[in-house]
Q: 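Sharing a structure with you now.
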There are 2 protein chains.
Amino acid sequence: MNSSADMLLTPSDPTDTGTQQIRDAIRDAIVERRLAPGTKLSESDVGGLFNVSRTLARAALQALAYEGLVNVERNRGAFVAYPSPEEARQIFAARRLVEPGILKSAAERITAAQLKQLGQLLLEEGRLIGERGQSARRAEIKASGDFHLMLASISGNLIMQRFMEELVARSSLVIALYGQSSASSCGHSEHADIITALGRKDVDTACDLMLHHIEHIEADLDLRERKSFDLREAFER
Amino acid sequence: MNSSADMLLTPSDPTDTGTQQIRDAIRDAIVERRLAPGTKLSESDVGGLFNVSRTLARAALQALAYEGLVNVERNRGAFVAYPSPEEARQIFAARRLVEPGILKSAAERITAAQLKQLGQLLLEEGRLIGERGQSARRAEIKASGDFHLMLASISGNLIMQRFMEELVARSSLVIALYGQSSASSCGHSEHADIITALGRKDVDTACDLMLHHIEHIEADLDLRERKSFDLREAFER
DNA sequence: GTGCATATTATTGTATGCAATATAACGGCG
DNA sequence: CGCCGTTATATTGCATACAATAATATGCAC
């Protein structure tokens with residue numbers, strides 16, 4: 001029993017309505033890699049963990065499926081997504097396509113306060129890289145993604161922001177699956193370079209740096225077709 | 001009773017699984033403007049129309065909410081989305097940001113057969129513009145959107161394709177709400193121009209044309225803040 | 001007749017129950 | 001011993017039932 005991962009996430013939080021809370025908790029767990037790709041997420045288990053009925057658990061899983069973080073197979077259930085190399089390529093292609101434009105919009109609208117906030121985020125990120133331990137790694141992953149998300153937020157376009165949230169989350173899955181270097185996430189210095197370029201309103205180089213940054217992350221992936229590609233989601237751990 | 005729109009869509013189709021079928025049918029109804037923005041979509045009514053329980057109806061509505069075509073307000077129910085002028089701007093900003101890149105990818109991969117297909121789509125579109133009647137208008141709206149979607153499909157990036165589907169669908173809502181010109185959709189000739197540029201592998205002008213095309217659509221919108229902005233979804237018709 | 005408090009109705013939120021499907025366990029047979 | 005068909009178990013798909021909330025109607029005071 002309990003073949004599903006007994007994820008160690010905080011199932012408590014009085015605020016917010018059921019489904020969303022569950023969805024957020026599971027998403028965090030996936031993005032922070034406490035839930036491995038392919039892990040089965042049974043409705044009963046999820047419901048049990050959060051003390052809700054299968055109805056809500058199911059709704060949360062469905063929502064995560066829309067975000068591409070979970071695959072639901074008919075009559076078989078929900079699994080943490082296991083992006084194929086091709087999907088991985090498309091995710092990063094999407095980021096290359098979208099992030100320069102977002103950065104450009106952000107550059108046009110950014111305020112001094114926001115620039116400062118970005119700097120603080122960077123500092124935090126740097127601090128975490130120095131620390132050891134699981135939780136520091138997780139926080140680092142999150143901070144690294146948050147950099148890109150904050151830029152999207154600054155751009156002021158909620159639609160692009162949501163799309164980026166999806167892309168960043170799925171990127172985390174891809175890196176977990178295909179990343180080679182020990183560096184848990186993207187190069188910290190590159191983030192800094194982008195910000196300094198942004199600070200001097202040098203949009204073009206900022207965009208260039210962003211593109212290279214994404215390419216660097218991608219270069220660290222080993223996207224060769226694995227032997228058993230998708231073989232029942234790698235035996236659905 | 002039956003305050004919800006009695007939409008005249010075919011509620012029958014043996015193939016495909018419940019939720020998805022409902023979702024697609026309602027989405028089509030929204031995109032083709034048979035369902036006006038703000039229309040209430042009660043779970044019972046939707047379920048009744050498709051002869052399924054509220055469970056499935058609810059799931060379909062939730063899915064549409066994720067696509068931005070429906071707003072669900074807690075304890076109040078689901079309504080056909082009523083994008084604010086600001087949302088409208090963001091939707092088109094997103095399209096300006098994304099479509100040139102998609103077009104570029106498409107240009108790199110397009111085959112002769114696909115180019116021909118695009119031409120046929122254009123012909124069909126032209127034919128529909130000549131015709132009169134509601135159903136021709138609807139088909140025209142769809143064809144016009146399909147042009148952009150086919151480009152996304154040719155680009156080979158499923159993620160961008162899905163994103164474009166969302167944007168095109170929401171654009172239809174925006175045009176329904178804020179469009180001024182009688183032309184139900186975008187300029188037909190501009191589509192043609194883009195394709196000819198694509199035909200001679202002239203990516204740069206194709207992208208330029210696409211940008212202008214989007215700007216033209218946007219220029220036809222009257223995005224001044226309406227008097228009762230969001231006043232309970234315009235009295236939730 | 002208007003305004004407000006109350007009661008009634010309708011609709012949504014959530015849990016539970018049953019049928020259908022898939023997975024796993026079992027046992028005979030080659 | 002391995003293979004295959006059967007049975008048993010677990011899990012999902014869907015519908016229904018009940019509780020909670022919002023919308024509406026009613027009645028009373030003024």
Q: Mind calculating the distance between CG (B/Leu56) and P (D/dT16) to the nearest angstrom?
A: 11 Å

Q: Take the protein atom CD of B/Gln21 and the nucleotide atom P of D/dG13, then report the distance between them rounded to whole Å.
A: 17 Å

Q: In terms of the nearest nucleotide of DNA chain C, which residue is placed more toward the 5' end: B/Glu43 or B/Thr55?
A: B/Glu43

Q: Does C/dT12 have OP1 or OP2 sitting under 4.0 Å from an N or O in the side chain of B/Lys40?
A: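 For C/dT12, OP1 or OP2 has a side-chain N or O of B/Lys40 closer than 4.0 Å.
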
Q: Taking atom C1' of D/dT12 as reference, at what distance in whole Å does atom CG of A/Leu41 sit?
A: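 These atoms are roughly 14 Å apart.
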
Q: For B/Arg74 and for A/Arg74, find the nucleotide of DNA chain D with the closest heavy atom, then tell me which residue's nucleotide is more 5'.
A: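 Closest to the 5' end, via its nearest nucleotide, is A/Arg74.
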
Q: In whole Å, what is the span from the CZ atom of B/Arg58 to the P atom of D/dG13?
A: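 So the two atoms are 17 Å apart, to the nearest Å.
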
Q: Could you state the atom-to-atom distance from CD of A/Glu73 to P of C/dA20 in whole Å?
A: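 The distance from CD of A/Glu73 to P of C/dA20 comes to 23 Å, rounded to the nearest Å.
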
Q: Does B/Arg54 put a side-chain nitrogen or oxygen below 4.0 Å from OP1 or OP2 of C/dT12?
A: no

Q: What is the separation between atom CG on B/Asn75 and atom P on D/dA19, rounded to the nearest whole Å?
A: 16 Å

Q: Go through the side-chain N and O atoms of B/Arg109 and B/Ser155 and say whether any donor and acceptor fall under 3.5 Å apart.
A: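 B/Ser155 and B/Arg109 do not have a side-chain donor-acceptor pair below 3.5 Å.
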
Q: Would you mind reading off the distance between A/Asp45 atom CG and D/dT12 atom C1', rounded to a whole angstrom?
A: 13 Å

Q: Honestly, is A/Arg162 close enough over B/Tyr66, meaning NZ or CZ under 6.0 Å from the six-membered ring centre and within 45° of the axis?
A: yes

Q: Record whether the side chain of B/Arg76 comes under 3.5 Å of the base of C/dG13 through a donor-acceptor pair of N or O atoms.
A: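 No pair found.
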
Q: Does a side-chain N-to-carboxylate-O contact under 4.0 Å join B/Glu215 and B/Arg96?
A: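 Salt bridge flag = no for B/Arg96 with B/Glu215.
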
Q: Any donor-acceptor pair under 3.5 Å linking the side-chain atoms of B/Glu86 with those of B/Gln90?
A: yes

